[in-house]
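So the structure is just underneath, and the comments pick up after that.
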Amino acid sequence: MKIGPVEQYLKSRIEEEGAIHITLIDPEDSPPARASELAQMAEEAGSSAIMVGGSTAVETSAIDDVVKAIKESSKLPVILFPGNVSGISKYADAIWFMSLLNSTDPYFLIGAQALGAPLVKKYGIEPIPMGYIVVGGESAVGFIGYARPIPENKPELAAIYALAGEYLGMRFVYLEAGSRAPNPIPPTMVYAVRKLCSTSIIVGGGIRSPDSAEELVRAGANVVVTGTLVEESEDAKSAIEAIVSRISRGRR
Ligand code: 1GP
């Protein structure tokens with residue numbers, strides 16, 4: 001499958017900067033006006049893109065409104081991060097076309113994707129193939145997605161799932177600790193994936209401190225995603241700025 005403009009943009013920013021930051025906005029937590037504010041702040045603070053989605057259901061019209069509001073306040077590409085088929089908005093630029101690689105339910109491996117694919121085509125949204133791997137036992141996404149989560153102390157298991165994703169043609173792998181996870185993905189796990197695979201590595205879930213962002217980038221992460229951090233910070237702009245500047249330190 002051909003690489004589209006949003007993926008090309010992500011790849012070149014990763015190439016130039018070593019690692020980038022993406023802000024995740026969950027329409028369940030942020031109504032359109034707030035989402036628009038957050039996206040503007042994220043852009044000013046140095047985020048490279050905005051992801052929109054979450055693992056619990058929100059009707060598509062609510063996602064449409066959030067995406068439209070973001071597009072009005074920011075020039076950053078909007079990439080959907082769907083928890084289900086209802087997460088597809090025609091107003092977005094791209095979609096993580098993702099499979100939950102360690103799900104035990106074929107629906108989350110290929111069923112939802114088959115239902116969503118014709119809509120992605122009809123709306124002309126750019127699909128970016130991504131393997132999604134849930135780590136650690138207690139996340140909402142792991143529960144909803146019938147995952148058999150990778151134990152945090154088994155980095156080699158994350159690495160072989162990621163390698164399988166790469167061989168299936170996925171150009172990104174996302175190591176997910178779960179939104180509001182008490183601890184981010186262990187850097188040793190990122191390192192194990194980095195050693196075995198050449199895909200771009202996305203990490204997310206529970207990243208609150210600039211220290212953890214830097215550590216994850218040093219271990220080999222190319223994209224650091226934060227959601228809760230901006231939703232809960234009083235000064236979201238400074239919070240992102242701090243993370244972005246430490247990501248650039250980590251890549252040196
Ligand atoms: C969740 O990885 C994302 O899918 C972001 O998690 O909300 O903990 O930043 P946080």
Side-chain angles (χ1 to χ4, degrees), residues 10 19-30 34-35 38-39 41-42 45 47-58 63 66 78-84 87 95-103 108 112 128 130-147 149-150 152 158 162 172-187 189-190 193 200-217 219 221-234 236-244 246-247:
L10 294 176
I20 58 174
H21 176 261
I22 295 185
T23 294
L24 170 66
I25 296 179
D26 188 339
E28 199 175 16
D29 301 319
S30 304
R34 177 71 179 145
L38 289 177
M41 277 188 275
S47 268
S48 297
I50 306 290
M51 276 162 51
V52 174
S55 46
T56 40
V58 174
I63 299 173
V66 162
V78 175
I79 307 172
L80 299 169
F81 183 50
N84 213 326
I95 181 167
W96 290 121
F97 205 85
M98 53 203 273
S99 173
L100 176 42
L101 297 179
N102 56 330
S103 178
F108 291 100
I128 309 179
M130 181 256 270
Y132 192 48
I133 299 172
V134 170
V135 176
E138 291 183 352
S139 61
V141 63
F143 180 84
I144 301 273
Y146 292 88
I150 308 279
E152 283 155 356
F172 289 80
V173 64
Y174 192 132
L175 303 174
E176 173 67 87
S179 187
R180 299 182 167 82
N183 298 305
I185 295 293
M189 189 173 275
V190 176
V193 175
S200 295
I201 302 175
I202 310 170
V203 285
I207 301 168
R208 293 176 192 83
S209 76
D211 280 351
S212 350
E214 182 177 337
E215 235 187 328
L216 289 162
V217 170
N222 304 106
V223 182
V224 173
V225 176
T226 64
T228 307
L229 177 84
V230 286
E231 276 156 14
E232 288 182 353
S233 301
E234 280 180 20
K237 190 174 165 196
S238 308
I240 303 175
E241 266 166 1
I243 296 246
V244 170
R246 293 292 286 283
I247 287 175

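Along the sequence shown, the residues carry numbers beginning at 1. Just so you know, ligand 1 is whichever comes first in the structure, and atom 1 is the first atom listed for that ligand.
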So NZ of Lys237 and CG of Leu38: to nearest 0.5 Å the spacing works out to 13.5 Å
Which atom names give the shortest non-hydrogen contact between Gly54 and Asp26, and what distance separates them?
-> CA-OD2, 3.8 Å
Over all heavy atoms of both residues, which pair between Pro82 and Met98 is shortest? Give the atoms and the distance, please.
-> CD-SD, 3.9 Å
Heavy-atom closest contact (Ala35 atom, Val66 atom, distance) = CB-CG1, 3.8 Å
Counting each atom of ligand 1 from 1 as listed, which ones have a heavy atom of Phe81 under 4.0 Å away?
-> 4 (O)
Residues Asn102, Val134; criterion side chain to side chain contact (heavy atoms under 4.5 Å, CB included); working and verdict | CA-CA 7 Å; Asn102 56 330; Val134 170; 4.2 Å; yes
Val225 N/O to ligand 1 N/O under 3.5 Å | no
Would you check whether Gly206 has a nitrogen or oxygen atom less than 3.5 angstrom from a nitrogen or oxygen atom of ligand 1?
-> yes
Considering non-hydrogen atoms only, spot the tightest contact between Arg34 and Ser233 and give its length.
-> NH2-O, 4.3 Å
Nearest non-hydrogen atom to atom 6 (O) of ligand 1 belongs to which of Gly205, Pro184, Gly204?
-> Gly205
How far is atom 1 (C) of ligand 1 from its nearest protein heavy atom, and which residue and atom is that?
-> Glu176 OE1, 3.3 Å
Atom indices of ligand 1 within 4.0 angstrom of Arg180 heavy atoms, with elements = 7 (O), 8 (O), 10 (P)
Shortest non-hydrogen contact from Ala177 toward Ile185 = N-CD1, 3.6 Å
Give the residue, atom name and distance (to 0.1 Å) of the protein heavy atom nearest atom 10 (P) of ligand 1.
-> Thr228 OG1, 3.4 Å
Would you call the rings of Phe81 and Tyr174 parallel, tilted or perpendicular, where under 30° means parallel and over 60° means perpendicular?
-> parallel
At what distance is the nearest protein heavy atom to atom 9 (O) of ligand 1, and which residue and atom is it?
-> Gly227 N, 2.8 Å
Protein contact of atom 3 (C) of ligand 1 - nearest heavy atom, named by residue and atom, plus distance | Tyr174 OH, 3.5 Å
Any N or O of Thr226 that comes nearer than 3.5 Å to an N or O of ligand 1?
-> no
Considering only heavy atoms, does Leu229 approach ligand 1 within less than 4.0 Å through its side chain, its backbone, both, or neither?
-> neither
